[in-house]
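Heads up, the thing below is written out as structure tokens.
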Amino acid sequence: MPSLRVLLTAQQIQARIRELGAQIEHDYPNGPVYLVGILKGACIFLSDLARAMNTPARLEFVGISSYGRGRSTSGEVKLTKDLDVSVESQDVIVVEDIVDSGITLSYLIQVFRQRRPRSLRVATLLDKPERRQRPVTVDYVGFQIPDEFVVGYGLDYAEDYRNLRDVCVLAE
Ligand code: IMP
Ligand code: MG
């Protein structure tokens with residue numbers, strides 16, 4: 001049976017998101033800023049982050065599939081749901097749950113650059129820098145974590161555990 005060990009408590013997560021929200025608010029005082037969440041994992045982080053800032057925000061989502069079986073990305077990424085709106089000349093922040101190999105994000109950054117936003121930044125709740133295979137610049141990082149598989153607060157294992165309030169390490 002898999003077991004769960006709390007890595008980040010709901011309280012720690014919420015406190016850090018308030019800091020990130022304040023930072024984004026400082027960087028984008030006027031808005032609107034387009035928060036583009038990557039389904040499904042980022043949806044919970046995005047909802048809390050959006051409410052942690054007073055800058056007017058627009059909420060958009062993209063879907064991707066990465067042909068990964070189990071716990072990691074295979075390297076092949078495909079857009080399964082595109083943006084519903086143009087972000088040309090807009091300020092865009094891509095919102096991710098976790099940056100692992102960086103494959104997903106480097107692909108998406110390349111896709112979004114072609115849409116000619118005024119600015120393009122990245123926010124992630126979690127970052128596993130040890131696992132990086134592609135260099136990506138992440139502008140807003142919630143927490144750097146060690147190379148362990150985590151679930152909760154949007155993150156899943158085979159679609160389970162997304163609605164846990166804490167981020168937990170999933171151990172066999
Ligand atoms: P990357 O393309 O390897 O950077 O992987 C990013 C995606 O892999 C994330 O959006 C997650 O969906 C998934 N992922 C990577 N590490 C974990 C983890 O520890 N728990 C759950 N999902 C993960
Ligand atoms: Mg995922």
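Computation of the quantities below employed the complete heavy-atom set of this structure, encompassing side-chain atoms and omitting hydrogens, waters and symmetry-equivalent molecules. Indexing begins at 1, ligand by ligand and atom by atom, following the structure's order. Remember, predicted model here, so these are calculated numbers, not experimental data.
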Are the side chain of [X] and the backbone N or O of [Y] linked by a donor-acceptor pair below 3.5 Å?
X	Y	value
Gln133	Ser101	no
Asp166	Ala10	yes
Arg118	Gln90	no

In this structure, does ligand 1 have an atom that sits under 4.0 Å from one of the heavy atoms of [X]?
X	value
Val151	no
Glu148	yes
Gly41	no
Leu105	no
Lys128	yes
Leu170	no

Which atoms of ligand 1 sit under 4.0 Å from any heavy atom of [X]?
X	value
Gly102	1 (P), 3 (O), 4 (O)
Leu155	20 (N), 21 (C), 22 (N)
Ile103	2 (O), 4 (O)
Thr104	1 (P), 2 (O), 5 (O), 6 (C)
Asp156	21 (C)
Ser101	1 (P), 2 (O), 3 (O), 4 (O)

Give yes if a backbone or side-chain nitrogen or oxygen of Val150 is under 3.5 Å from a nitrogen or oxygen of ligand 1, and no if not.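 Looking only at distances, the answer is yes, because the N/O contact criterion of under 3.5 Å is met.
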Quick check: Val99 and ligand 1, any N/O pair under 3.5 Å apart?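 N/O-N/O distance below 3.5 Å does not exist for this pair.
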To the nearest 0.5 Å, what is the distance between [atom1] ([X]) and [atom2] ([Y])?
X	Y	atom1	atom2	value
Asp100	Arg132	CG	CZ	8.0 Å
Ile44	Leu155	CD1	CG	9.0 Å
Thr104	Ile38	OG1	CD1	7.0 Å
Phe143	Thr124	CZ	OG1	11.5 Å

Part of Gln133 with heavy atoms under 4.0 Å of ligand 1, whether side chain, backbone, both or neither: neither
For residues 135-142, dump all side-chain donor-acceptor pairs below 3.5 Å to protein atoms at least two apart in sequence or in another chain.
{"from": "Asp139", "atom 1": "OD2", "to": "Val122", "atom 2": "N", "distance (Å)": "2.9"}
{"from": "Tyr140", "atom 1": "OH", "to": "Asp27", "atom 2": "OD2", "distance (Å)": "2.6"}
{"from": "Tyr140", "atom 1": "OH", "to": "Arg121", "atom 2": "NH1", "distance (Å)": "2.8"}

Mind checking what makes side chain to side chain donor-acceptor pair (under 3.5 Å) contact with Glu88, not counting sequence neighbours? none
State whether the number of non-hydrogen atoms from other residues, nucleotides or ligands found under 6.0 Å of Glu159 atom CD is greater than 12. yes
Nearest candidate to atom 13 (C) of ligand 1, where distance is taken over non-hydrogen atoms, out of Ile38, Asp100, Ile98: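 The residue whose heavy atom sits nearest atom 13 (C) of ligand 1 is Ile98.
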